[in-house]
2 protein chains.
Amino acid sequence: MATKRAQMMEENRARLIAAARKAFADQGYAAASMDELTAQAGLTRGALYHNFGDKRGLLAAVVNQIDAEMAARAQAVGARAGDGWQALLAEGAAYIEMALEPEVQRIVLLDGPAVLGDPSRWASQNSCLEVTQHTVERLIAEGVLKPVDPEAAARLINGAALNAALWVAASDEPRDVLAKAIDAFRALATGLLAKPV
Amino acid sequence: MATKRAQMMEENRARLIAAARKAFADQGYAAASMDELTAQAGLTRGALYHNFGDKRGLLAAVVNQIDAEMAARAQAVGARAGDGWQALLAEGAAYIEMALEPEVQRIVLLDGPAVLGDPSRWASQNSCLEVTQHTVERLIAEGVLKPVDPEAAARLINGAALNAALWVAASDEPRDVLAKAIDAFRALATGLLAKPV
DNA sequence: ACTAGAAACATACGCGACGTATGTCAATTC
DNA sequence: GAATTGACATACGTCGCGTATGTTTCTAGT
């Protein structure tokens, strides 16, 4: 069993993170109580401070988990698309749609940057961003995109997408607004094409 | 003098907002103490809760003030540019540069959305966004831009610009990175042109 | 196998901050 | 000129984070 101790610890960490995802998403980071949160996980604050150091540490762990899931989903969507250019558009649309989920929005887009600082400074620096950047790099190498800085392009693309998602989520008619947002996103993205259509 | 009372109240409001701008920018919203903040302004929490209701109300007032200043600056930059298209690019670059200021970044870009929710829901709905949207609408009417949804385009443009600014500010070599960001921004923006260059 | 040590977690406490309820004083109005 | 309104100060209750101390269980060395 390779240390029953470490196994229990990993399980407790997972339960705390799961409870935190729910609490942070439902009430927001500031309003979430560590006592309630840990009780929900069947533990106490002692476990929390031992595993994550402080409240911010717990948020960081939660963000990393969600970020990894998002990156995996975006990559899957991109892989399913035909050529690289379609993949980039598909990934962008995927980000917009993912950002509609309250959990992603509240934790990753609102509280995350405010509490942890700019995402580029995060330890596991934004897997989402890396996926986009890799796609951009490949397309530049293939001559599909203009030779812009890959990181800059990836940042702007993701920034536009995520901001659009906040707008869509806050609107009264998400379906209409989502269509407009994706439409405008595709238009913007064509600005990166080496040979405009 | 039209009521000395109202005059004093307006002055106190201004002093509180000024102290709050400094405190929120320096320490962040969560860490800023209302006691210190009000003392800095030569007042007490009584004045604060009477004028702004709660801590969020004070932040909202601060955000509105900064937002208005930013919009005015962007508009001035845009007016100074030649044609409408150049104005749009200039405004975008102006936003990126404004977002480099710690006050704007911390208060408007990080804490603002986290505490007050999505900017589109803010009472004095984002003057910055309105300026960009008006510019876009004019350019669409003139046939310079593709007929996309103006609000969507404005949101994406601002989102990209502000996100780029966060990146620039967090980087180790802001000058280099700023150039890359503006470069990529201009490339992206050309995607909106009806007749690509 | 037994003991010693450490680590994971629980419990108890202090500190600080927000929001409210009550009090006070100045300005406006009749 | 007196009363009332309202802007602001003061005092208090409550809550939540972080830390310091205690306890129990698992691992390791002999």
Side-chain angles (χ1 to χ4, degrees), chain A residues 1-63 107 111-112 114-117, chain B residues 1-20 22-63 106-107 111-112 114-117:
Chain A
M1 61 196 70
T3 72
K4 176 154 186 118
R5 194 77 169 230
Q7 184 179 336
M8 275 300 294
M9 194 175 177
E10 199 53 40
E11 187 179 324
N12 284 342
R13 282 178 57 94
R15 287 168 64 183
L16 286 172
I17 290 179
R21 277 180 75 146
K22 207 172 155 48
F24 289 160
D26 290 349
Q27 317 171 24
Y29 173 80
S33 163
M34 307 292 266
D35 278 320
E36 289 181 13
L37 200 162
T38 49
Q40 192 74 23
L43 296 165
T44 69
R45 291 221 314 281
L48 212 163
Y49 283 90
H50 188 74
N51 279 289
F52 301 99
D54 59 354
K55 195 178 183 179
R56 286 184 59 200
L58 179 60
L59 177 62
V62 170
V63 165
I107 299 177
D111 287 333
V115 176
L116 305 175
Chain B
M1 60 198 68
T3 70
K4 176 154 185 116
R5 193 78 169 232
Q7 184 179 335
M8 275 298 297
M9 193 176 177
E10 199 53 39
E11 186 180 324
N12 284 341
R13 282 179 58 94
R15 288 168 64 184
L16 286 171
I17 291 179
K22 205 172 156 50
F24 290 160
D26 290 348
Q27 317 172 23
Y29 173 80
S33 163
M34 306 292 266
D35 279 320
E36 289 181 14
L37 200 162
T38 49
Q40 193 74 23
L43 296 166
T44 68
R45 293 221 316 282
L48 213 164
Y49 283 91
H50 189 74
N51 279 289
F52 300 99
D54 60 354
K55 196 178 183 180
R56 285 184 60 201
L58 179 60
L59 177 62
V62 170
V63 165
R106 178 81 248 179
I107 300 177
D111 287 333
V115 176
L116 304 175

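Model, not experiment: these values are computed from the prediction.
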So which protein nitrogen or oxygen atoms get under 3.5 Å of nucleotides 18-20 of chain D's nitrogens or oxygens?
residue: D/dG18; atom: OP2; partner: A/Tyr49; partner atom: OH; Å: 2.7
residue: D/dG18; atom: OP2; partner: A/Lys55; partner atom: N; Å: 3.3
residue: D/dG18; atom: N7; partner: A/Arg45; partner atom: NH2; Å: 2.7
residue: D/dG18; atom: O6; partner: A/Arg45; partner atom: NH2; Å: 2.1

Quick check on DNA chain D: between B/Leu43 and A/Ala30, whose nearest nucleotide comes earlier from the 5' end?
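First, find each residue's nearest nucleotide; the 5'-ward one identifies B/Leu43.
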B/Asn51 side chain N/O closer than 4.0 Å to the phosphate oxygens (OP1, OP2) of D/dC8?
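B/Asn51 to D/dC8 OP1/OP2: side-chain N or O found under 4.0 Å.
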Please determine if a side-chain N or O atom of B/His50 lies less than 4.0 Å away from the OP1 or OP2 oxygen of D/dC8.
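It does not, given that no N or O in the side chain of B/His50 lies less than 4.0 Å from OP1 or OP2 of D/dC8.
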Backbone N or O of [Y] within a donor-acceptor pair of the [X] side chain at under 3.5 Å?
{"X": "A/Arg45", "Y": "A/Asp35", "value": "no"}
{"X": "A/Asn51", "Y": "A/Arg13", "value": "no"}
{"X": "B/Lys22", "Y": "B/Gln40", "value": "no"}
{"X": "B/Lys55", "Y": "B/Tyr29", "value": "yes"}

Measure [atom1]/[X] against [atom2]/[N] and give the value in whole Å, please.
{"X": "B/Phe52", "N": "D/dA7", "atom1": "CZ", "atom2": "P", "result": "13 Å"}
{"X": "B/Arg5", "N": "C/dA26", "atom1": "CZ", "atom2": "C1'", "result": "6 Å"}
{"X": "B/Leu48", "N": "C/dG19", "atom1": "CG", "atom2": "P", "result": "9 Å"}
{"X": "A/Glu10", "N": "C/dA8", "atom1": "CD", "atom2": "P", "result": "12 Å"}
{"X": "B/Gln7", "N": "D/dA7", "atom1": "CD", "atom2": "P", "result": "15 Å"}
{"X": "B/Met9", "N": "C/dA26", "atom1": "CE", "atom2": "P", "result": "18 Å"}
{"X": "B/Asp35", "N": "D/dA9", "atom1": "CG", "atom2": "P", "result": "12 Å"}
{"X": "A/Glu11", "N": "D/dT25", "atom1": "CD", "atom2": "P", "result": "17 Å"}

Which heavy atom of A/Leu116 sits nearest to which heavy atom of A/Ala60, and what is that distance?
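Of all heavy-atom pairs spanning A/Leu116 and A/Ala60, the closest is CD1-CA, 3.9 Å.
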What are the two closest heavy atoms between A/Leu48 and A/Asp54, and how far apart are they?
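Minimum heavy-atom separation between A/Leu48 and A/Asp54: CD2-O, 4.4 Å.
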For the pair B/Ile107 and B/Leu59, evaluate side-chain contact (heavy atoms from CB on, under 4.5 Å) and give the outcome as yes or no after the intermediate values.
CA-CA 8 Å; B/Ile107 300 177; B/Leu59 177 62; 4.0 Å; yes
Could you check A/Phe24 against A/Leu58 for side-chain contact (heavy atoms from CB on, under 4.5 Å), going step by step and ending with a plain yes or no?
CA-CA 10 Å; A/Phe24 289 160; A/Leu58 179 60; 4.2 Å; yes
Hey, does B/Ala31 reach any base, or is it just sugar-phosphate, or nothing, if we go heavy atoms under 4.0 Å?
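Here B/Ala31 touches no strand at all.
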B/Ser33 near the nucleic acid: base, sugar-phosphate alone, or nothing, with a heavy-atom cut-off under 4.0 Å?
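Sugar-phosphate only.
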For the helix from C/dA1-D/dT30 to C/dC30-D/dG1, measure the angle between the helix axis at one end and the axis at the other, each built from five pairs, rounding to 10°.
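The two end axes of the helix from C/dA1-D/dT30 to C/dC30-D/dG1 meet at 10°.
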For A/Asn12 and A/Leu43, what are the C-alpha separation, side-chain angles and deciding distance, and is it a side-chain contact (heavy atoms from CB on, under 4.5 Å)?
CA-CA 8 Å; A/Asn12 284 342; A/Leu43 296 165; 4.0 Å; yes
